[in-house]
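Worksheet: one structure, shown below.
One-based numbering, in listed order, for ligands and for the atoms of each.
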Amino acid sequence: MRHQVVLIPGDGIGPEICRAMRRVLDAAGAPIEWEERIAGAAAVERYGTPLPEEVIDRIRERRVALKGPLTTPVGTGHTSANVALRQALDLYACVRPTRTLPGVPSRFGAVDLVIVRENTEGLYSGIEHEVVPGVVESLKIVSERACVRISEFAFQYAVACGRRRVTAVHKANIMKKSDGLFLRCARRVAERYPQIEYDEVIVDACCMRLVMQPERFDVLLTDNLYGDIVSDLAAGLVGGLGVVPGANLGSDCAVFEAVHGSAPDIAGQNRANPLGAIGSVAAMLEYSFGLREEAAAVQRAIEQVLESGHVTADLKPKGTPRSTSEVGQAVCELI
Ligand code: ATP
């Protein structure tokens, strides 16, 4: 049986990264059939919208997608197609496992944490308006339903993956109602998982502790905005945005993508690190299709490439870096 997957190359470095992902899947011998769809800047040119309805429908039908990054204009222009896709498909849990990698120099020896981020509401609800000229309002929407289900997801994940602790990240001292609700829900869910430790940390203190003692953290349960910021910070602890994989999961669909954005500064230069995206491929093989052996082979190959030091420029300040395609090829050969 062949699995159907929607592939969205995306913007910036997306197409280069996606080429590497496809090659890796072929090398892994995974029984996958692709259906490529356009979203992001290319879709704006062609269809007048960064996220054509048809793309959403295809993912709904196929249930699984592998996605490159989609550029979001800063300060003006269309709203984020990444956020819109997560909301449209109700991909409520964003999961970003972040750990020290073999061969990658980092300040810390044993980072091994997972960020579980609420992916559909909070300040990313996109509800903003100008009240009077010079004053704007941006609404943070927090619902009990979303807080309970993301908490439930974090604890179930902790149990399934042999994790010890869930830490809720908040700012309930200032946002007493919204983050207060988030905490109340997390505490309520925590009571049903006595085997998992539960604690809480204010988001600013969390950032400080992350750069001083990241080994302390296990599963971090966050809202949408804190999770976005904290996951880039955490990526910086283990080698940067190029190496961290990610998944957006809902009850019906799953969209896998690396943590990084479209990196327009290095797009089209065959310089981007494809390993985070290739890690997302491994996650997809295991989570969506139960192809454990194939997933493990991809994961092993990523680690071997890192250990070999034949890596892209972001991981190699000295010496000659390898290109995106060379790193992709090396992963394929090792598989
Ligand atoms: P976007 O608006 O799409 O989020 P961005 O440039 O603001 O794009 P990122 O794409 O996340 O944000 O990039 C932040 C920085 O990290 C950039 O300097 C970029 O070159 C670097 N970067 C991101 N992804 C990679 C990668 N895969 N390999 C190497 N460098 C990367």
Give the atom numbers and elements of ligand 1 that come within less than 4.0 Å of a heavy atom of P264. 6 (O), 8 (O)
The one among H260, Q269, R271 that brings a heavy atom closest to atom 24 (N) of ligand 1: H260
In terms of side-chain geometry, is the basic nitrogen of D223 or K171 positioned less than 4.0 Å from the acidic oxygen of its partner? no
Of all protein heavy atoms, the one nearest atom 4 (O) of ligand 1 is G261 CA, 3.6 Å
Should the heavy atoms of other residues, nucleotides or ligands under 6.0 Å from CD of Q269 be counted, would the total exceed 12? yes
Contact with ligand 1 for A272, non-hydrogen, under 4.0 angstrom: yes
Here the gap from M212 atom CE to R107 atom CZ, rounded to the nearest 0.5 Å, amounts to 12.5 Å
To atom 13 (O) of ligand 1, the nearest of L241, T71, D314, D11 on a heavy-atom basis is L241
Could you tell me whether S262 and ligand 1 have an N or O pair separated by under 3.5 Å? yes
May I ask whether atom 9 (P) of ligand 1 is less than 4.0 Å from at least one protein heavy atom? yes
Per-atom contacts, ligand 1 versus G242 - under 4.0 Å to a heavy atom: 26 (C), 27 (N)
If two hydrophobic side chains count as joined below 4.5 Å and joins carry through other members, does V116 share a cluster with V255? no
Heavy-atom protein neighbour under 4.0 angstrom from atom 21 (C) of ligand 1: no
At under 4.0 Å between heavy atoms, is it the side chain or the backbone of I13 that contacts ligand 1, or both, or neither? side chain
Electrostatic pair D90:R149 at N-O distance under 4.0 angstrom: yes
Nearest heavy atom to atom 31 (C) of ligand 1 wins, so pick from I266, N273, L70. I266
Counting only nitrogen or oxygen atoms and a 3.5 angstrom limit, does D265 reach ligand 1? yes
Less than 4.0 angstrom from a charged side-chain N to a carboxylate O is my criterion; do K140 and E121 meet it? no
Can you hop from V331 to L101 via hydrophobic side chains spaced under 4.5 Å? yes
Using a strict 4.0 Å threshold on nitrogen-to-oxygen distance, state whether R117 and D228 make a salt bridge. yes
